[in-house]
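Naming convention: chains lettered A, B, ... in sequence-line order (proteins, then strands); numbering from 1 in each chain. In what follows, every heavy atom counts, from backbone to side chain, and hydrogens, waters and symmetry copies are set aside.
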Amino acid sequence: DAMVIQNPRYQVTQFGKPVTLSCSQTLNHNVMYWYQQKSSQAPKLLFHYYDKDFNNEADTPDNFQSRRPNTSFCFLDIRSPGLGDAAMYLCATSRGTGTGSNQPQHFGDGTRLSIL
Amino acid sequence: KQEVTQIPAALSVPEGENLVLNCSFTDSAIYNLQWFRQDPGKGLTSLLLIQSSQREQTSGRLNASLDKSSGRSTLYIAASQPGDSATYLCAVIILTGGGNKLTFGTGTQLKVEL
């Protein structure tokens, strides 16, 4: 039973052409996260939402934005993809603070983005 | 700034061996630590989460320990199998006002051979 679902699994876009990656969850978790993982590197947190509150990492480029229209869905928008943005993008969820803070984050299978 | 290091970067062992993967972190002010498995081209599967008040956690053939004061964690895999071949990532967790923040190591790529 997939609980964090990312679509599509593979995405190809052209240099500079906007692209949107999507993530949905069936866990009803408060928090949703987006990570970028380049080849042979550690996943790097881009930003996360706690409910509707958006938290951006200081070193996340302005080219990356996110939307969370409801609890279940979260989108990653890359406004003008460059060659350096080719990576695996991972979505994760967690319950958030309180007792939920001791629960693990749940990850989707990722979307691998290629830039032509 | 928190830095997480995993040694070795790659490991190849024959089936049946017991093995230890290492994770070290520079800032001991962590909340929890989590071990993940990542298969090629896939997302992350959570293996074990150790709360800061705990010293270890066990699940089947896996045992993870945590020594916050020395900034170290180990993942012990007993009686390794070819199906254990994957990249293993550790992540230290801090609490923020808006959720948990994970800082990952670069992983240990494990290959278990027949």
Spacing of NE2 belonging to A:His106 relative to OG belonging to B:Ser46, to within rounding of 0.5 Å:
7.0 Å

Same apolar cluster: B:Ile93 and B:Leu21, side chain cutoff 4.5 Å
no

Looking at side-chain heavy atoms only, is the closest gap between A:Tyr35 and B:Leu102 below 4.5 Å?
yes

A:Leu45, B:Phe25: one ILVMFWY side-chain cluster at the under-4.5 Å cut-off?
no

Hey, what do you get for NZ (B:Lys101) to OH (A:Tyr33), rounding to the nearest 0.5 Å?
11.0 Å

Could you tell me which portion of B:Gln38 (side chain, backbone, both or neither) has an atom closer than 4.5 angstrom to a non-hydrogen atom of chain A?
side chain

Find out if a path of hydrophobic residues (ILVMFWY) with successive side-chain heavy-atom gaps under 4.5 Å connects B:Leu48 to B:Leu33.
yes

Does a sphere of radius 6.0 Å around CZ in B:Arg61 hold more than 12 heavy atoms from other residues, nucleotides or ligands, not counting ones at 6.0 Å or beyond?
yes

How long is the span from the CD atom in A:Gln37 to the CZ atom in B:Phe104, to the nearest 0.5 Å?
8.0 Å

Is atom CG of A:Asp62 surrounded by more than 12 heavy atoms (other residues, nucleotides or ligands) closer than 6.0 Å?
no

Crowding at CZ, A:Arg68 (>12 non-hydrogen neighbours, <6.0 Å):
yes

Interatomic distance, A:Asp109 atom CG to B:Thr45 atom OG1 [nearest 0.5 angstrom]:
7.5 Å

Work out which heavy atom in A:Ala42 is nearest to a heavy atom in B:Gly105; give both atom names and the distance.
CB-O, 3.1 Å

Determine whether A:Ser40 and B:Thr106 make a side-chain contact, defined as any pair of heavy atoms from C-beta on separated by less than 4.5 Å.
no

Where A:Arg112 and B:Gly41 come nearest, the two heavy atoms and their spacing:
NH2-CA, 4.1 Å

Should the heavy atoms of other residues, nucleotides or ligands under 6.0 Å from CD of B:Gln109 be counted, would the total exceed 12?
no

Below 4.5 Å, heavy atoms only, C-beta onward: do A:Met88 and B:Lys42 meet side chain to side chain?
no

